[in-house]
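Notes for the one structure printed next.
Proteins get letters first, then strands, A, B, ... in listed order; numbering begins at 1 in each.
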Protein chains: 2
Amino acid sequence: MDNKPYHHKELKKTLIETGLEFIDKYGEEKLSLRKIAEKCGVSSAAPYAHFKDKDDFINAVQQYIMDSFMDSLLTCVDKCSDDTQVLSELGVCYVMFFYNNPLYFDFLFSRKNIHIRLSSENDNPPFELFRKTAGSVLEKMGISEEKIRYKTIAMWSIVHGLSALSSMPDIDVDWETEVKAIINSVDISKI
Amino acid sequence: MDNKPYHHKELKKTLIETGLEFIDKYGEEKLSLRKIAEKCGVSSAAPYAHFKDKDDFINAVQQYIMDSFMDSLLTCVDKCSDDTQVLSELGVCYVMFFYNNPLYFDFLFSRKNIHIRLSSENDNPPFELFRKTAGSVLEKMGISEEKIRYKTIAMWSIVHGLSALSSMPDIDVDWETEVKAIINSVDISKI
DNA sequence: CTACAATGTTATCAGTGCTAAGTTTGGAGG
DNA sequence: CCTCCAAACTTAGCACTGATAACATTGTAG
């Protein structure tokens with residue numbers, strides 16, 4: 001029978017995944033902990049055993065998405081041994097992730113707890129991966145440290161800006177082709 | 001005395017400006033219509049005479065900011081008669097607006113009602129201004145229509161991506177100088 | 001001057017975040 | 001095997017929110 005067991009066991013994980021699914025369907029602003037709890041078949045106060053407050057829960061969902069985003073990027077970098085292509089491949093991968101998951105862009109980056117610093121070490125994993133990859137590639141090309149900073153910022157801006165575009169609702173173009181063309185057309189050595 | 005008059009007269013405008021101020025201080029997610037109403041000295045139901053619902057109110061505030069953003073951009077374009085500079089000046093103006101108003105970027109662009117189309121006419125005023133300005137400049141340079149699209153998208157992506165960066169909390173660099181250097185370093189004819 | 005539409009009011013509802021206090025449960029140590 | 005306790009849940013309830021209904025006030029068109 002469906003008499004709910006007192007102990008749900010994997011409730012924390014279930015809550016996160018249910019929350020993710022909900023955000024996917026209805027967006028973050030419609031989410032309430034009570035609805036998520038109900039969907040999981042537990043009382044409205046149950047989540048508070050696992051999360052300090054709603055914000056803590058949202059952060060957990062965000063981290064879940066961020067991990068999956070990083071998986072994509074790391075896989076892409078690993079697949080790409082060729083230095084001359086890794087940057088544009090990484091850029092396309094970055095953009096396509098949000099094209100395929102339109103609701104994730106706002107959710108990941110409209111939150112204030114995500115900070116990005118330009119010059120130094122960074123606690124934002126995707127940007128840090130981008131920064132290090134670009135740094136290593138550009139260094140091998142014999143480019144000065146200052147210029148590396150400019151180029152990295154410019155490239156990341158393009159990629160991030162394209163992602164913002166690609167997660168908009170009404171894209172009326174063959175986006176994957178466009179993205180590749182645009183990123184490839186930006187010759188980093190010319191920036 | 002402070003016995004509030006029944007008719008506040010300019011309540012709609014006052015609500016919007018109070019809302020703007022509030023978002024500036026505490027962010028959108030902390031905003032409630034009741035608090036705004038109280039700050040304006042009216043009852044909690046009063047705003048519903050002017051706005052259909054909370055979303056309608058938020059849209060009005062958003063429009064208010066969008067208008068001020070467009071003012072900046074248009075002033076910039078007007079001041080700049082020189083075709084060779086207008087694009088980079090416009091870019092710097094775009095980015096600096098959000099550098100100077102860090103909370104506005106998320107507020108303007110994380111809302112789903114803002115759409116951006118690439119190829120055709122567009123109901124997003126700043127992007128449309130950017131698209132037309134770039135189109136006119138690039139056309140005079142004798143660039144093909146297809147390339148104009150690519151360049152426009154790439155340039156807007158850089159500018160928009162830089163804006164995302166510039167509205168982040170912990171910028172630890174002289175941003176205005178950086179932005180100018182980066183935008184100027186992107187030679188559009190090379191994209 | 002009077003009727004009425006616009007613009008306010010109070011009262012009330014359901015939904016939300018969160019906490020307090022009590023209940024169930026699995027499992028570690030006797 | 002029992003006992004006890006901390007973790008994981010429950011129900012109850014508070015304060016706040018968005019929204020609506022029913023009523024009050026007011027400026028103004030006719």
| query | Can you list every ring-ring contact (aromatic ring centres under 6.0 Å, His included) pair that touches residues 31-55 of chain B, not counting sequence neighbours? | reply | B/Phe51-B/Phe57
| Listed in order of residue number, which residues of residues 43-53 of chain A have a non-hydrogen atom at under 4.0 Å from DNA chain C? | A/Ala45, A/Tyr48, A/Asp53
| Centroid-centroid under 6.0 Å between A/His160 and A/Phe109 rings | yes
| request: For A/Asp53, check side-chain contact (heavy atoms from CB on, under 4.5 Å) against everything at least two apart and list the hits. | output: A/Asp55, A/Asp56
| field | Residue list, side-chain contact (heavy atoms from CB on, under 4.5 Å) with B/Gln85, at least two apart or on another chain | value | B/Cys80, B/Asp82, B/Glu89
| Can you list the residues that meet the side-chain contact (heavy atoms from CB on, under 4.5 Å) rule with A/Ser157, with sequence neighbours excluded? | A/Ile153, B/Leu162, B/Leu165
| Main-chain N/O of A/Met96 paired to A/Asn100 side chain as donor or acceptor, under 3.5 Å | yes
| B/Lys140: partners by salt bridge (charged side-chain N to carboxylate O under 4.0 Å, His left out), with sequence neighbours left out | B/Asp83
Scan nucleotides 14-16 of chain C against the protein and return all N/O pairs shorter than 3.5 Å with their distances rounded to 0.1 Å.
unit_1	atom_1	unit_2	atom_2	d
C/dT16	OP1	A/Ser32	OG	3.3

Throw together a table of side-chain donor-acceptor distances under 3.5 angstrom for residues 33-44 of chain A, partners on residues two or more places apart or in other chains.
unit_1	atom_1	unit_2	atom_2	d
A/Lys35	NZ	A/Lys30	O	2.7

| Of the residues in residues 19-27 of chain A, which ones touch DNA chain D at a heavy-atom distance under 4.0 Å? | none
| field | Five-pair end axes of the helix from C/dC1-D/dG30 to C/dG30-D/dC1, angle between them (10°) | value | 10°
| said: Please enumerate all residues that pass side-chain contact (heavy atoms from CB on, under 4.5 Å) together with A/Glu21, with sequence neighbours excluded. | reply: none
Which donor-acceptor pairs under 3.5 Å do the side chains of residues 63-77 of chain A make with protein atoms, sequence neighbours left out?
unit_1	atom_1	unit_2	atom_2	d
A/Gln63	NE2	A/Asp67	OD1	3.0
A/Tyr64	OH	A/Glu17	OE2	3.0
A/Ser72	OG	A/Ser68	O	3.4
A/Thr75	OG1	A/Asp71	O	2.7

| Is the shortest side-chain N to carboxylate O distance from B/Arg149 to B/Glu146 below 4.0 Å? | no
